Amino acid sequence: MATAHKVSQLRLPPLPSIKDIIRLYKLRALRELSQNFLMEPRLIDKIVRAAGHIENHVVCEVGPGPGGITRSIIRQAPRKLILVEKDRRFVPSLELLADACRDRVDVDIITGDILKTDIAHYIPKDVTTDWYDSPPQVNLIGNLPFSISTILMIRWLEMISKKEGPWAYGRTRMTLTFQKEVAERMSARMLDKQRCRLSVMCQNWCNVNYKFDIPGAAFLPKPEVDVGVVTLTPLKHPLIKLPFKLVEKVVRQIFSMRQKYSIRGAQTLFPEKVREEMALKMYKLAEIDPVTRPFQIANMEFARICEAYNEIIKMYPEFENYDLRAPKKVLQAQQDTSQ
Ligand SMILES: C[S@@+](CC[C@H](N)C(=O)[O-])C[C@H]1O[C@@H](n2cnc3c(N)ncnc32)[C@H](O)[C@@H]1O
C-alpha cells in the first residue's frame, strides 16, 4: 500500500533556480565527473519521495552538484544532511542552501570522493537500531555519477555484508539512480535476459526495488541513456550466508561465460588440471544441472553452488586462493601448488 508523505514541510527562503545557480557560478558540467544535472523539480521530488519518510532522519546525499535534489531533501526537514561532493565548484551553491536552512537542518558539506569518504564518521551514534529491527533513521540518496555507480554499489554491498560504515547503524536504506540498463540488471530475476553478477550480488544482500525511469531529456546535459531509480533495503539475513569475497568470486566466474552452460564458467574456479572434475563435483553437491545457463540459475541455487564450493575448498584448501583473474606469474604459482 502506498504511504502518504507530507510535502514541503520546511519552507526555504526564495533562492535562485538551479538554472540560475549554474549560470551564476559558471558551473559548466564536467564529463569526467559524469555531471548530468536533473532539472525537473517534479522528478527531483519524486526521487526524494521514493526514499519514504525522511523527516528528522539523517540523510547522506552523494554528488549533490548544484543542489537540486538537496533542496528537495531539505524541504522534507531531515535532522542532519551530509553532502559528499567531489567538485569544489559546487561548495558556494551548497553553502547557500546550508545557510537557508541553518535553524532547522545541520548540514555537513564534504568535498571529497565518495569512494574514499567514511560517511559513518558523520552519522550521529544515537540513530543506531538493531540489525533485525526496522531500518534506522538514516538514508543514502544520490543521483549517482555513472562512472562510479557500479563500483560504489559493489563496495557498499561488501560493507552491508560486514555491517560496516553506514550499516554499522542498522539496515540503512538507499535511494539511488543508475543508468537504466544497470538498474535493470540489479533487479533482474532468474530467466531475465539482463540477469548478471550484479543481480545476484544485489539481491543476495538487499531487497531491490526498481521504482521508475527518468528520461535522459530531463538532465542537463542530456546523457545518452535513460536513468532508473532504485531503492535498496538490506535483508535481515542474506540468502547466501558466506563471506562476500567467496560469493563474489563464484558468481563472477559462473557469469564469465554468459552464453555457455554455467558449468563452463564454474570450471574456471579451479586450476586447469582438475577443473572439469571439481566443477562436476561442485554441481553434484549443489544438485544443479550442469547444462543450465547462468541466467537460468535462481538465487537459492546460487546459494547451493556457493555452499558446495565452500565444502570443496575445505576439502582441498589449495584451491581456495586460485583466481583466474590473477596476473600470469601468480597463476603459474597457483597451478604449481595444486599439482
Ligand atoms: C549525475 S550528477 C548529479 C548532480 C545533482 N545531484 C543532480 O541530480 O542534478 C553527479 C554528481 O556527482 C559528483 N561526483 C562525481 N564523482 C564523484 C565522486 N567520486 N565522489 C563524490 N561526488 C562525485 C559530480 O561532481 C556531480 O555533482
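Not measured: the values here are computed from a predicted model. Indexing begins at 1, ligand by ligand and atom by atom, following the structure's order.
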Should Phe90 be counted as touching ligand 1, given the test is an N or O pair under 3.5 Å?
no
Mind checking whether Gly63 has an N or O less than 3.5 Å away from an N or O of ligand 1?
yes
Atoms of ligand 1 less than 4.0 Å from [X] heavy atoms?
X      : value
Glu61  : 6 (N)
Ile148 : 18 (C), 19 (N)
Asp87  : 25 (O)

protein heavy-atom neighbour closest to atom 10 (C) of ligand 1 works out as Asn143 O, 3.6 Å
Shortest protein heavy-atom distance from atom 16 (N) of ligand 1, along with the residue and atom involved
Pro145 CG, 3.5 Å
Among Glu85, Lys116, Lys86, which one has a heavy atom closest to atom 25 (O) of ligand 1?
Glu85
Is any NZ, NE, NH1 or NH2 atom of the basic residue among Lys249 and Asp323 found under 4.0 Å from an Asp or Glu carboxylate oxygen of the other?
no
When the ring planes of Phe270 and Phe319 are compared, do they come out parallel, tilted or perpendicular, using 30° and 60° as the limits?
perpendicular
4.0 Å heavy-atom contact, [X] with ligand 1:
X      : result
Gly112 : yes
Leu115 : no
Phe146 : no

Can you tell me if CZ on Arg104 sees more than 12 non-hydrogen neighbours from other groups inside 6.0 Å?
no
